[in-house]
Amino acid sequence: MSGPTGQAEAGSSDDQDIRLLSVSWNQDFGCFAAGTSNGFRIFNCDPFKETFRRDLKSGGFGIVEMLFRCNILALVGGGSNAHYPPNKVMIWDDHRSHCIGEFAFRSDVRAVKLGKDYIVIVLERKIYVYNFTDLKLLHQIETQSNPKGLCCLSHHSNTSVLACPGVHQGHVRVEHFGLKVTRMISAHDSHISCMALTMDGLLLATASMKGTLIRIFNTMDGTRLQEVRRGLDKADIYSIALSPNVQWLAVSSDKGTVHIFSLRVRVAGEDASNEQRSLEGPRMDHQNSSSSIDPLIQTNTGSNASSSLSFMKGILPKYFSSEWSFAQFHLPEVTRYIVAFGAQNTVMMVGLDGRCSFDQVNGGQMLQKEYFRFIKADLTPLRTSAP
């Protein structure tokens, strides 16, 4: 099958007839890919600029997954004029303009995740894990109905962790491939709607279909470490992001607000003052023990808001003892967007196409620093994903 061999340079053209079908971060959140109704584009985040595009007359892409910043992409057709069928995944080497792998299934592909060792393909009720080197099938994982294609991979030199919905409602399955350990976590009573892993895969954040609470778990033993509250009303959680230093958590939803929460969880040996955005992430000292991750209650730079009646925990309803967000930013509710952490206390939001900063000490309303309209047409993606 022919590949996406259209225009291949940075720049802009007439976007009026272009529809945005998907947006996704690369593994270190330094770039994002936009799948459109007539091709795809790659953008650098800091400084913001379009670095590459393929404009095609032959169709669009519903999924565009990057592998860090290299020339390898995973592509799935999408839109009313799909370039590939939605049940096929093409592993594309854009440097050589050559397809190096093709996977076909009986049902539509919901998501693709790439790691240095694995290609992970998510269908509605099954996940396939392939070896990147020889494209051989390594694992097949059964899940509950997963129309959003929820799945996370770690991106750390010492760990290989995958998280996905389990076969039971509200459960998350965690695979520690290097340890050959499978952990089932009962995360919520209702269906899982969003999840995120830290770079090393040792912490997992989840939200349910209710969208009111976000919970953080130790993936080694399944322990719940912290619970924070987004709000009281039901919400569709679009994305969850954990900062590289494991100090902050960001959540976006259909309520039009990005919430920032202060995390009280720390990884053993972590230097919380390290602001560098690095793939190395927090150090894991002993991978073969549940004590590899050490949840400590520490004084953070800032703390989440709570009710003045929180001291009556256990007497009043759970709502009164909830941890509320430390910082917030309000957005148009009509735009679907995903979030990630940037450098120097900034939060990047794609969909809004901007960058905001927050006060580490006082919290409150975040300050918008930058705004870019990266496609001058329909800015509402139909599908969003995270690494």
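Computed over heavy atoms, backbone and side chain alike; hydrogens, waters and symmetry mates excluded. This chain uses plain numbering: 1 for the first residue, then up along the sequence.
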J.: Would you call the rings of Phe105 and Phe103 parallel, tilted or perpendicular, taking 30° and 60° as the class edges?
T.: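 If you compare the ring of Phe105 with that of Phe103, the planes turn out parallel.
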
J.: Report the residue from Asn245, Ile260, Thr346 that forms a side-chain contact (heavy atoms from CB on, under 4.5 Å) with Phe341.
T.: Ile260

J.: Taking all non-hydrogen atoms of both residues, which atom of Cys45 and which atom of Phe32 are closest, and how far apart?
T.: SG-CD2, 4.0 Å

J.: State whether the number of non-hydrogen atoms from other residues, nucleotides or ligands found under 6.0 Å of Lys234 atom NZ is greater than 12.
T.: no

J.: Going by heavy atoms in the side chains, are Lys126 and Gln140 under 4.5 Å from each other?
T.: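 Heavy-atom side-chain distance check passes, below 4.5 Å.
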
J.: Evaluate the ring planes of His188 and Phe217, with Trp represented by its six-membered ring, and classify them as parallel (under 30°), tilted (30 to 60°) or perpendicular (over 60°).
T.: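 The rings of His188 and Phe217 stand perpendicular, inter-plane angle above 60°.
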
J.: Under the side-chain hydrogen bond (donor to acceptor under 3.5 Å, both in side chains) test, which residues partner Ser193, sequence neighbours left out?
T.: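 Checked Ser193 against side-chain hydrogen bond (donor to acceptor under 3.5 Å, both in side chains); zero matches.
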
J.: Residues in side-chain hydrogen bond (donor to acceptor under 3.5 Å, both in side chains) with Glu175, at least two apart?
T.: Arg173, Thr182

J.: State, to 0.1 Å, how close Asn87 and Ser107 come at their nearest heavy-atom pair, and which atoms those are.
T.: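 The answer is CB-O, 3.3 Å.
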
J.: Considering all heavy atoms of both residues, which atom of Met199 and which atom of Gln27 are nearest to each other, and what is their separation?
T.: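 Taking every non-hydrogen atom into account, CE-O, 3.3 Å.
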
J.: Any side-chain to backbone donor/acceptor pair from Gln226 onto Arg264? Under 3.5 Å, distance only.
T.: yes

J.: Can you tell me if Thr198 uses its side chain to pair, donor with acceptor, with the backbone of Leu203 under 3.5 Å?
T.: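 Yes: the side chain of Thr198 pairs with the backbone of Leu203.
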
J.: Dump the intermediate steps for ring pair (Phe, Tyr, Trp, His ring centres under 6.0 Å) on Phe48 and Phe43, then the final yes or no.
T.: CA-CA 7 Å; Phe48 180 84; Phe43 298 87; 5.7 Å; yes

J.: Output all residues satisfying side-chain contact (heavy atoms from CB on, under 4.5 Å) with Ala33, sequence neighbours left out; order by chain, then residue number.
T.: Ser24, Ile42, Val64, Met66

J.: For Arg125, is there an ion pair with Glu142 - N to carboxylate O distance below 4.0 angstrom?
T.: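 Salt bridge between Glu142 and Arg125, a charged N being under 4.0 Å from a carboxylate O: no.
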
J.: For Val161, does its backbone N or O pair with a side-chain atom of Thr159 as donor and acceptor, under 3.5 Å?
T.: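 No, the answer is negative, given that no donor and acceptor are paired below the 3.5 Å cut-off.
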
J.: Has the side chain of Glu50 got a donor or acceptor atom that lies under 3.5 Å from a matching backbone atom of Arg41?
T.: no

J.: Looking at Asp236 and Lys255, is there a salt bridge between them, counting it only when a charged N and a carboxylate O are closer than 4.0 Å?
T.: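 Here Lys255 does not pair with Asp236 in a salt bridge, since their nearest N and O are not under 4.0 Å apart.
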
J.: On a heavy-atom basis, which atom in Leu150 and which in Val122 lie closest, and how many Å separate them?
T.: O-CG1, 4.5 Å

J.: Roughly how far apart are Phe177 CZ and Ser160 OG, rounded to 0.5 Å?
T.: 8.0 Å

J.: In terms of relative ring orientation, are Phe61 and Tyr84 parallel, tilted or perpendicular, with 30° and 60° separating the classes?
T.: perpendicular

J.: A quick test of your reading: do over 12 heavy atoms of other residues, nucleotides or ligands sit less than 6.0 Å from CG of Asp134?
T.: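 Result for CG/Asp134: enclosed.
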
J.: How far does CG of Asn81 sit from CG of Asn38, to the nearest 0.5 angstrom?
T.: 9.5 Å

J.: Mind checking whether Tyr130 and Tyr128 have parallel, tilted or perpendicular rings, split at 30° and 60°?
T.: parallel

J.: Working to the nearest 0.5 Å, report the span between OH of Tyr118 and CG of Asn131.
T.: 8.0 Å

J.: What are the two closest heavy atoms between Pro85 and Val76, and how far apart are they?
T.: O-CG1, 4.4 Å

J.: To the nearest 0.5 angstrom, please state how far the CG atom of Leu249 sits from the CG atom of Leu242.
T.: 5.0 Å

J.: Does NE2 in His139 sit with more than 12 non-hydrogen atoms of other residues, nucleotides or ligands closer than 6.0 Å?
T.: yes

